Amino acid sequence: MRRGGALLSLVLLSPVLLTGCGTGPSLENRGAVTAPPGDSKHLTIGSAGFTESDLLAQMYALLLDQAGYKTSMLTVANRELYEPALESGQIDVVPEYAATFADWLNAKTHGADAPPVGSPDLATTMKALRSLATPRGLTVLDPGRAVDQNAFAVTAAYAEQHHLKTLSDLGASRLPVRLAAGDECVQRPYCEPGLKKTYGIDITGVDPKGVGTTQAKRAVQSGQDQMVLTTTTDATLDEFGLVLLADDKHLQNADYIVPVVNRSRAGSEGVTKALGKLNDVLTTADLASMNQQVDSWRRLPEDVARTYLKDKGLLK
């Protein structure tokens, strides 16, 4: 939900992006999509302006630099702006989230009321995403192991008292649950409606304190609320004595992290190989740890990214 574009503030925007963004190849030029992928040696890496996106963009840049490319960074914290810039080649590479991006492109292509195409199944989601991205001149590289999904947490004491490890356990307990989340939770299928329908959880109300905010976590910590909506890469849960309940029936969509590139500029095997090195090592837990280093320890994303890649043997 923090990846929804409109919820993110604009950090840095080149004036060119305000005037030069199209919507991808024009109809008469769509045949160019099938042309051989390009291999520009000067690549612009895009970030959406929040910690995790900054970290991923920095890792992409470092891996591409090592592979012989020259890179620059551009932060555009609004998908409505950075996605057209990616299509037009003003941005060449950006980290994205498979199901979220698939649904976003689907709405852009077929209208806001189009049925969602993202799903809990990664293969299904990737097939839909690539079918939507390719006509726009975009190539979606393979996902790795890391996923940043919505997740639900309770206090460790509450989980122990009621023998809870999964959301199914919570539904079976019949406990009344007040949920700290964003106000849109009452309508989103993966939030209150999904918790009720899929798990049978007795949601008595939604406390609109935001997604994974300090205020929301403190409300659960104090007992004012019983559960909080956060994400799987939230590294601050321990600080509030919170633990995640497993989404054992796969309510959440497959928001695996995927690099998306402009095919005509960065669709080459060199780019694919350089970025693919992350797939075998980067995990959800790794991302959570790196987020914590930036958000709680105040380290710079570039320093955290560089240290991680060196520790994994991916950077000299």
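Source: prediction; values computed, not measured. Only this structure's heavy atoms are used, side chains among them; waters, hydrogens and symmetry mates stay out.
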TODO: Check H250 against P120 and note the closest heavy-atom contact, atom names and distance.
DONE: O-CG, 3.1 Å

- [ ] Would you confirm whether R145, through its side chain, and T284, through its main-chain N or O, come within 3.5 Å as a donor-acceptor pair?
- [x] no

TODO: Determine, using the 4.5 Å side-chain heavy-atom cutoff (strictly less than), whether V228 and V186 are members of one ILVMFWY cluster.
DONE: no

Open item on the list: If hydrophobic clusters are built from ILVMFWY residues whose side chains come within less than 4.5 Å, do L237 and M290 share one?
Closed with: no

TODO: Ignoring hydrogens and angles, tell me if any N or O in the side chain of T230 forms a donor-acceptor pair with the backbone of A151 under 3.5 Å.
DONE: no

TODO: Taking all non-hydrogen atoms of both residues into account, name the closest pair between S168 and K249 and its distance.
DONE: OG-CE, 3.4 Å

Task: Within one Ile-Leu-Val-Met-Phe-Trp-Tyr cluster: L244 and V211, side-chain cutoff 4.5 Å - done: no

- [ ] Assess whether atom CD of Q224 is packed by more than 12 heavy atoms of other residues, nucleotides or ligands within 6.0 Å.
- [x] yes

- [ ] Work out which heavy atom in A159 is nearest to a heavy atom in V243; give both atom names and the distance.
- [x] CB-CG2, 4.0 Å

- [ ] Indicate the atoms forming the closest heavy-atom contact of L129 with A98, along with that distance.
- [x] CD2-O, 3.8 Å

TODO: Would you please say whether a donor-acceptor pair under 3.5 Å links the side chains of Q90 and S88?
DONE: yes

TODO: Please lay out, stage by stage, how L314 and M59 fare under the test side-chain contact (heavy atoms from CB on, under 4.5 Å).
DONE: CA-CA 10 Å; L314 300 183; M59 285 191 285; over 6 Å; no

- [ ] Answer with yes or no whether the side chains of R265 and T44 bring together a donor and an acceptor at under 3.5 Å.
- [x] no

- [ ] Check R79 against P84 and note the closest heavy-atom contact, atom names and distance.
- [x] O-CD, 3.8 Å

Open item on the list: I'd like to know if the side chain of S222 reaches the main chain of A219, judged simply by a donor and an acceptor atom lying under 3.5 Å from each other, with no hydrogens or angles considered.
Closed with: yes

- [ ] Please report the C-alpha distance between D255 and T100 in whole Å, then the side-chain angles of each, then the deciding distance to 0.1 Å, and finally whether the side-chain hydrogen bond (donor to acceptor under 3.5 Å, both in side chains) criterion is met.
- [x] CA-CA 6 Å; D255 258 332; T100 295; 2.7 Å; yes

Task: Side-chain donor or acceptor of Q66 paired with backbone N/O of K316 under 3.5 Å - done: yes

TODO: Flag the pair M126 / V258 as yes when at least one side-chain heavy-atom distance between them is below 4.5 Å, and no otherwise.
DONE: yes

Task: Enclosure of K165 NZ (heavy-atom neighbours >12, cutoff 6.0 Å) - done: no

TODO: Answer yes or no: is there a side-chain heavy-atom contact under 4.5 Å between L179 and L195?
DONE: yes

- [ ] Give the intermediate values and the outcome of side-chain contact (heavy atoms from CB on, under 4.5 Å) for residues K196 and E192.
- [x] CA-CA 6 Å; K196 289 180 175 179; E192 180 184 357; 2.9 Å; yes

Open item on the list: Under a plain distance cut-off of 3.5 Å, with no hydrogens placed, do D247 and Y199 share a side-chain donor-acceptor pair?
Closed with: yes

TODO: Answer yes or no: is there a side-chain heavy-atom contact under 4.5 Å between V117 and H110?
DONE: no

TODO: Could you tell me whether Y69 atom OH has more than 12 heavy atoms of other residues or ligands within 6.0 Å of it?
DONE: yes

Task: Side-chain (T307) to main-chain (D303) donor-acceptor, under 3.5 angstrom - done: yes

Open item on the list: Do N253 and D103 make a side-chain contact, defined as non-hydrogen atoms from C-beta onward lying under 4.5 Å apart?
Closed with: yes

Open item on the list: What verdict does the side-chain contact (heavy atoms from CB on, under 4.5 Å) test give for L167 and M227, after you've listed the backbone C-alpha separation in whole Å, the side-chain angles of each residue and the deciding distance to 0.1 Å?
Closed with: CA-CA 11 Å; L167 290 170; M227 189 162 68; 4.2 Å; yes

Open item on the list: What verdict does the salt bridge (charged side-chain N to carboxylate O under 4.0 Å, His left out) test give for K217 and E239, after you've listed the backbone C-alpha separation in whole Å, the side-chain angles of each residue and the deciding distance to 0.1 Å?
Closed with: CA-CA 10 Å; K217 291 171 189 172; E239 299 174 21; over 6 Å; no

Task: Hydrophobic cluster identity match, L229 and L245, side-chain contacts under 4.5 Å - done: yes

Open item on the list: I need the minimum non-hydrogen distance between T204 and P176, along with the two atoms involved.
Closed with: CG2-CB, 3.7 Å

Task: The single option from R130, K273, K277 passing salt bridge (Lys or Arg N to Asp or Glu O under 4.0 Å) against D142 - done: R130

Open item on the list: Tell me whether R218 at atom CZ has more than 12 heavy atoms from other residues, nucleotides or ligands lying less than 6.0 Å away.
Closed with: no

Open item on the list: Any heavy-atom pair between the side chains of V140 and E96 that's under 4.5 Å?
Closed with: no

Task: L278: which of L309, L141, D286 passes side chain to side chain contact (heavy atoms under 4.5 Å, CB included) - done: L309

TODO: Taking the side chain as every heavy atom from C-beta outward, state whether D295 and T236 have any pair of such atoms under 4.5 Å apart.
DONE: no

Task: Same apolar cluster (I L V M F W Y, side chains within < 4.5 Å links), L242/L287 - done: no

- [ ] Indicate yes or no: at least one non-hydrogen side-chain atom of E302 is less than 4.5 angstrom from one of M73.
- [x] no

- [ ] For D148 and Y97, run side-chain contact (heavy atoms from CB on, under 4.5 Å): C-alpha distance rounded to whole Å, both residues' side-chain angles, the deciding distance at 0.1 Å, then the answer.
- [x] CA-CA 8 Å; D148 187 353; Y97 300 86; 3.6 Å; yes

Open item on the list: With heavy-atom distances below 4.5 Å as the criterion, would you say the side chains of Y308 and V281 are in contact?
Closed with: yes

